[in-house]
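First up is the structure itself, then whatever we jot down about it.
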2 protein chains.
Amino acid sequence: MARIRAVDRRLFLLIEIAARRLNREADKRLKAEAGVSAAQAGVLFLLLRRGQRRMGSLSKTLSLNPPAVTGLVDRMVRAGLVTKTTDQTDGRGAMVALTAEGSEAAERADIVLRDLNADLEARLGDEVSDILHDAFTRIVIAES
Amino acid sequence: MARIRAVDRRLFLLIEIAARRLNREADKRLKAEAGVSAAQAGVLFLLLRRGQRRMGSLSKTLSLNPPAVTGLVDRMVRAGLVTKTTDQTDGRGAMVALTAEGSEAAERADIVLRDLNADLEARLGDEVSDILHDAFTRIVIAES
DNA sequence: CCGGTTTCTTTCGGAAACGAACGAATCGGC
DNA sequence: GCCGATTCGTTCGTTTCCGAAAGAAACCGG
């Protein structure tokens, strides 16, 4: 409790700490139950829901700098989760798609994410969850 | 907007993306106006408010793993912002304290943080800010 | 059809974070 | 007083992310 008061009235710092905790918890569970990291799960989730996507699209959707996407996808290719090929309609673009193995991992990750989400929302309560959802959606949309 | 729907109903992913955005924005402003990174600002803020602290205390308060604190503080020592000495009362402990230069940087960082906080709260509104504050405090406290 | 611009991605160097494993110092039971 | 257990911090190797700059491909005005 005393620990909290130290960052009291700095919502910004509080969000960083909370995000770190949530990410650590999610990463641990995802690695144990789906065999992928939290960052990789974000990519898998998108590909599962929206189909194959270009690097730039992943970068924008996940709000990651292009170099971060390059590294992340490269490790996923090495792990056999996705393939990276040249976009047929635009030779500059690189298209990322799930492999069979990647699809299975994505399904498992999806279950874990759903579970984590349920836990989190249960901890917060429905009303607060909705407000948080709106607030963060606004932050993510803002100046995009 | 379409971009948001992709992570819709995954509060967890939304928080991660939002935290990344906020951190990137804060890091840029802190580097420009206070000459320190966002991670360093967190340490400076704590030392300014609570006085010298041991590594383990920083680790717990900021919810960072011990190795992360070692690296962070080492870079800050190299930058002349803090000193690291052996705790007099316990030879195992390492005490971290602000230098004169560090104090000045901490004051500047504090101003920037206050500013960022005001921006964020203005964007969210008072009521939502309070709810968010409570919610994240609960997350940070939980199972600590 | 061709040089310049724009768009997309990668390379580079560094900061920040993690888990696992290790060494040093203290503490506690005997 | 001593020795095992605990606590504290660091080292190691890896992942994830950033900004800046370079490289490659497509587009476009003349």
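Below, each value reflects all heavy atoms present in this structure, side chains not excepted, and no hydrogens, waters or symmetry copies. Letters A, B, ... mirror the listed sequences (proteins, then strands); counts begin at 1.
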Whole-Å distance separating the CG atom of Asp27(B) from the P atom of dA15(C): 12 Å

Gap between atoms CG and P, on Leu22(A) and dC18(C) respectively (whole Å): 13 Å

Lys/Arg N to Asp/Glu carboxylate O, Asp87(A) vs Arg53(A), below 4.0 Å: no

Sugar-phosphate only, base, or nothing, as touched by Arg20(A) at under 4.0 Å among non-hydrogen atoms: sugar-phosphate

Rounded interatomic separation in angstrom, taking CG from Leu62(B) and P from dA15(C): 19 Å

Distance test, side-chain N/O of Ser37(B) to OP1/OP2 of dA16(C), below 4.0 Å: yes

Most 5' of Ala38(A) and Lys28(B) on DNA chain D, judged by nearest nucleotide: Ala38(A)

Under-4.0 Å salt bridge between Arg123(B) and Asp119(B): no

Presence of Asn65(A) side-chain N/O under 4.0 Å of dG19(D) phosphate oxygens OP1/OP2: yes

DNA chain D: 5'-proximal contact among Lys31(A) and Ala68(A) (nearest heavy atom): Lys31(A)

Under 4.0 Å protein heavy-atom contact, by nucleotide of nucleotides 5-11 of chain D - B base, S sugar-phosphate only: --BSSBB

Distance in angstrom units between Glu16(B) CD and dT15(D) P, rounded: 17 Å

Side-chain N,O (Arg24(A)) to OP1/OP2 (dA17(C)) below 4.0 Å: no

Asn23(A) CG to dC17(D) C1', straight-line distance once rounded to whole Å: 12 Å

d(CG, Leu64(A); P, dC8(C)) in whole Å: 17 Å

Criterion side chain to side chain contact (heavy atoms under 4.5 Å, CB included) on Gln88(A) and Met95(A), from CA distance to verdict: CA-CA 9 Å; Gln88(A) 297 305 325; Met95(A) 188 65 81; over 6 Å; no

Salt-bridge criterion met for Asp110(B) and Arg114(B) (N-O under 4.0 Å): yes

Length of the CG-P vector between Asp87(A) and dA26(D), whole Å: 10 Å

Verdict with reasoning, Lys31(A) to Asp27(A), per salt bridge (charged side-chain N to carboxylate O under 4.0 Å, His left out): CA-CA 6 Å; Lys31(A) 277 177 179 160; Asp27(A) 200 61; 2.8 Å; yes

Verdict with reasoning, Ser63(B) to Arg24(A), per side-chain hydrogen bond (donor to acceptor under 3.5 Å, both in side chains): CA-CA 10 Å; Ser63(B) 195; Arg24(A) 189 162 30 194; 2.7 Å; yes

Length of the line joining Met76(B):CE and dA15(C):P, which is rounded to integer Å: 13 Å

Sugar-phosphate only, base, or nothing, as touched by Gly71(A) at under 4.0 Å among non-hydrogen atoms: nothing

Candidates Val69(A), Leu58(A), Thr70(A), Val43(A) - the one meeting side chain to side chain contact (heavy atoms under 4.5 Å, CB included) with Leu64(A): Val69(A)

